[in-house]
A.B. asks: 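I have a structure I would like to understand better, so I am pasting it below and will then ask my questions one at a time.
Residue indices begin at 1 and follow the sequence shown.
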Amino acid sequence: MKNYTFLFLSFFSFSIVFGQSANEFIGETINFKADDGVIITADLYMAHESSAPFIVLYHQAGYSRGEYRSIAPRLNAMGFNCMAIDQRSGDKVNGIINETHKVAVASNLPTEYLDAIPDIEAAYLYVKYSIKPDKIVLWGSSYSAALMFYMANVHHDNISGILSFAPGEYFKVNGKDLKTYATHITCPVFVTSAKSEYSNWKPIYDNIKSDKSSFLPETEGKHGSKALWANNPSHKAYWTAVKKFLTKIN
């Protein structure tokens with residue numbers, strides 16, 4: 001595993017009253033560096049003491065940390081601290097521009113799915129060594145959901161759980177299928193997606209040997225973590241499944 005050196009660049013808070021809009025935000029926006037020097041922007045939602053269980057939130061393709069503006073506060077209410085990052089493979093959502101992507105483009109660096117691995121890794125290590133919670137949970141959406149199986153394999157001794165929203169064998173990592181990485185996971189795993197996406201992740205799920213659970217909605221549902229947004233008719237059912245899983249962690 002690479003050694004990642006972090007540079008804490010800024011730490012500032014926003015005084016915004018929380019409401020129902022996905023764009024309303026209570027938290028702190030921070031920056032740190034990936035191993036290759038790319039500056040990562042993240043929203044930090046610290047509602048509890050630093051030792052509380054912590055969820056690192058990764059967005060889907062074409063999105064930003066804005067995917068979690070309405071999700072992270074609900075996780076705070078369940079007893080978790082959270083951080084949603086911008087990965088260099090992404091763009092914008094809910095009016096939130098992906099700042100990490102902008103930095104990578106300005107540096108003439110590639111921004112395909114696998115190019116985001118240094119950002120995903122750096123966020124995990126930032127939480128582990130700078131915040132030092134008792135438990136770390138990784139949460140991915142779409143392409144980042146797939147990369148959670150790689151992460152939970154590499155860091156299996158230090159991850160307390162993963163949630164994977166709409167994963168699939170979208171790519172190989174270091175020449176290996178993701179179902180190969182799934183075999184060696186030791187923490188609890190939760191997988192969900194739209195109903196029609198089940199076949200995308202079943203081979204991966206079948207290879208998981210640790211405690212695992214899954215959810216498919218009665219309706220078609222939604223792709224990625226936006227399944228939990230209030231504009232999804234089945235969002236309450238998704239939330240019920242997520243809460244049931246997270247009781248194993250908290």
Side-chain angles (χ1 to χ4, degrees), residues 1-12 25 27-45 55-69 71-72 82-131 136 138-155 159 162-176 178 181 223-226:
M1 183 182 73
K2 293 182 179 179
N3 290 320
Y4 285 77
T5 302
F6 299 102
L7 177 61
F8 189 70
L9 300 172
S10 66
F11 195 88
F12 55 94
F25 174 50
E28 296 164 325
T29 295
I30 65 171
N31 300 98
F32 49 88
K33 280 190 175 182
D35 188 56
D36 61 357
V38 169
I39 299 169
I40 299 168
T41 296
D43 288 342
L44 184 63
Y45 300 81
I55 303 178
V56 190
L57 302 161
Y58 304 103
H59 61 74
Q60 65 177 272
Y63 275 20
S64 72
R65 67 195 190 279
E67 183 171 5
Y68 294 100
R69 282 287 168 96
I71 294 173
C82 306
M83 182 174 73
I85 77 160
D86 283 345
Q87 295 120 231
R88 68 190 71 186
S89 183
D91 190 6
K92 61 183 178 180
V93 69
N94 290 329
I96 309 301
I97 295 172
N98 187 318
E99 299 296 336
T100 308
H101 175 74
K102 286 172 59 178
V103 170
V105 170
S107 302
N108 294 314
L109 293 172
T111 58
E112 299 300 317
Y113 297 152
L114 293 181
D115 298 316
I117 290 177
D119 311 327
I120 289 172
E121 183 84 9
Y124 161 72
L125 293 174
Y126 175 82
V127 171
K128 180 180 179 181
Y129 292 111
S130 294
I131 298 176
I136 300 177
L138 303 184
W139 174 317
S141 178
S142 190
Y143 86 88
S144 68
L147 288 172
M148 294 302 96
F149 299 104
Y150 166 75
M151 285 290 293
N153 178 303
V154 173
H155 300 285
I159 292 177
I162 66 170
L163 295 94
S164 184
F165 283 72
E169 291 284 5
Y170 304 132
F171 36 66
K172 295 180 185 291
V173 181
N174 297 328
K176 297 180 181 180
L178 292 168
Y181 290 105
H223 177 78
S225 296
K226 66 176 177 285

A.B. asks: Between Tyr63 and Asn98, is a side-chain contact (heavy atoms from CB on, under 4.5 Å) present by the stated rule, with each step listed?
C.D. replies: CA-CA 7 Å; Tyr63 275 20; Asn98 187 318; over 6 Å; no
A.B. asks: Answer whether the closest heavy-atom distance between the side chains of Asp119 and Asp86 falls below 4.5 Å.
C.D. replies: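 Heavy-atom side-chain distance check fails, nothing below 4.5 Å.
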A.B. asks: Between Asn94 (side chain only) and Ile96 (backbone N and O only), is there a donor and an acceptor less than 3.5 Å apart?
C.D. replies: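 Side chain of Asn94 to backbone of Ile96, a donor-acceptor pair under 3.5 Å: no, none is there.
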A.B. asks: For a quick test of reading the model, state the closest non-hydrogen atom pair linking Gly224 to Ala166 and the distance between them.
C.D. replies: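 For Gly224 and Ala166, the tightest heavy-atom pair comes out as N-CB, 3.5 Å.
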A.B. asks: Any side-chain heavy-atom pair from Leu178 and Tyr170 closer than 4.5 angstrom?
C.D. replies: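 Contact flag for Leu178/Tyr170 side chains = no.
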A.B. asks: Enumerate the ring-ring contact (aromatic ring centres under 6.0 Å, His included) contacts for residues 84-110, please, sequence neighbours excluded, ordered by first and then second residue.
C.D. replies: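 For residues 84-110, and leaving out neighbouring residues, there are no ring-ring contact (aromatic ring centres under 6.0 Å, His included) pairs at all.
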A.B. asks: Do Val173 and Tyr181 come within less than 4.5 Å of each other through their side chains, counting heavy atoms only?
C.D. replies: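 Of all side-chain heavy-atom pairs linking Tyr181 with Val173, at least one is under 4.5 Å.
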A.B. asks: Residues two or more places apart in sequence or in another chain: which of them pass salt bridge (charged side-chain N to carboxylate O under 4.0 Å, His left out) with Lys102?
C.D. replies: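 Per chain and number, Lys102 pairs via salt bridge (charged side-chain N to carboxylate O under 4.0 Å, His left out) with Glu99.
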A.B. asks: Name all residues meeting the side chain to side chain contact (heavy atoms under 4.5 Å, CB included) criterion together with Asn108; count only those two or more places apart in sequence or in a different chain, and write none if there are none.
C.D. replies: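 Side chain to side chain contact (heavy atoms under 4.5 Å, CB included) check on Asn108 returns nothing, list empty.
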A.B. asks: With sequence neighbours left out, write down each residue that passes ring pair (Phe, Tyr, Trp, His ring centres under 6.0 Å) with Tyr143, or none if nothing qualifies.
C.D. replies: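 Testing Tyr143 for ring pair (Phe, Tyr, Trp, His ring centres under 6.0 Å), a comparison that skips the adjacent residues, returns Tyr113.
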A.B. asks: Take Tyr58 and Met148 through the test side-chain contact (heavy atoms from CB on, under 4.5 Å) and record every step on the way to the result.
C.D. replies: CA-CA 9 Å; Tyr58 304 103; Met148 294 302 96; 3.3 Å; yes
A.B. asks: Which residues satisfy the side chain to side chain contact (heavy atoms under 4.5 Å, CB included) test with Ser225, sequence neighbours excluded?
C.D. replies: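 Listed in chain order: Glu67, Tyr68, Ile71, Trp139, Ser141, Phe165.
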A.B. asks: Considering residues at least two apart in sequence or located in another chain, which fulfil the side chain to side chain donor-acceptor pair (under 3.5 Å) criterion with Thr41?
C.D. replies: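 In terms of side chain to side chain donor-acceptor pair (under 3.5 Å), with neighbours along the sequence ignored, Thr41 is linked to Asn31.
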A.B. asks: Do Ile39 and Lys33 make a side-chain contact, defined as non-hydrogen atoms from C-beta onward lying under 4.5 Å apart?
C.D. replies: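 Touching, per the 4.5 Å side-chain cut-off.
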A.B. asks: Between Arg65 and Ile97 (side chain of the first, backbone of the second, donor and acceptor by atom type, cut-off under 3.5 Å), is there such a pair?
C.D. replies: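 A pair under 3.5 Å: yes.
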A.B. asks: Please step through side-chain contact (heavy atoms from CB on, under 4.5 Å) for the pair Ile159 and Tyr124, ending with a clear verdict.
C.D. replies: CA-CA 9 Å; Ile159 292 177; Tyr124 161 72; 4.0 Å; yes
A.B. asks: So, using side chain to side chain contact (heavy atoms under 4.5 Å, CB included) as the criterion, who are the partners of Ala104 when residues are at least two apart?
C.D. replies: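 If we apply the side chain to side chain contact (heavy atoms under 4.5 Å, CB included) test to Ala104, skipping adjacent residues, the hits are Arg88, Leu109, Thr111.
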A.B. asks: Under the side chain to side chain donor-acceptor pair (under 3.5 Å) rule, collect the residues that match up with Ser142, sequence neighbours excluded.
C.D. replies: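 With sequence neighbours excluded, Ser142 shows a side chain to side chain donor-acceptor pair (under 3.5 Å) to His223, given in chain and number order.
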A.B. asks: Listed by chain and number, what are the salt bridge (charged side-chain N to carboxylate O under 4.0 Å, His left out) partners of Lys172, not counting sequence neighbours?
C.D. replies: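 With sequence neighbours excluded, Lys172 shows a salt bridge (charged side-chain N to carboxylate O under 4.0 Å, His left out) to Asp177, given in chain and number order.
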A.B. asks: Looking only at heavy atoms, which two atoms of Leu57 and Ile55 are closest? And how far apart?
C.D. replies: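 Here Leu57 and Ile55 meet closest at CD2-CG2, 3.6 Å.
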A.B. asks: Would you say the side-chain atoms of His59 pair up with the backbone N or O of Gln87, donor to acceptor, closer than 3.5 Å?
C.D. replies: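 A pair under 3.5 Å: yes.
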A.B. asks: Is any side-chain heavy atom of Tyr45 closer than 4.5 Å to a side-chain heavy atom of Arg69?
C.D. replies: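 They are in contact (side-chain heavy atoms under 4.5 Å apart), so the answer is yes.
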A.B. asks: Does any non-hydrogen side-chain atom of Gln60 lie less than 4.5 Å from one of Lys226?
C.D. replies: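 A side-chain contact under 4.5 Å exists here.
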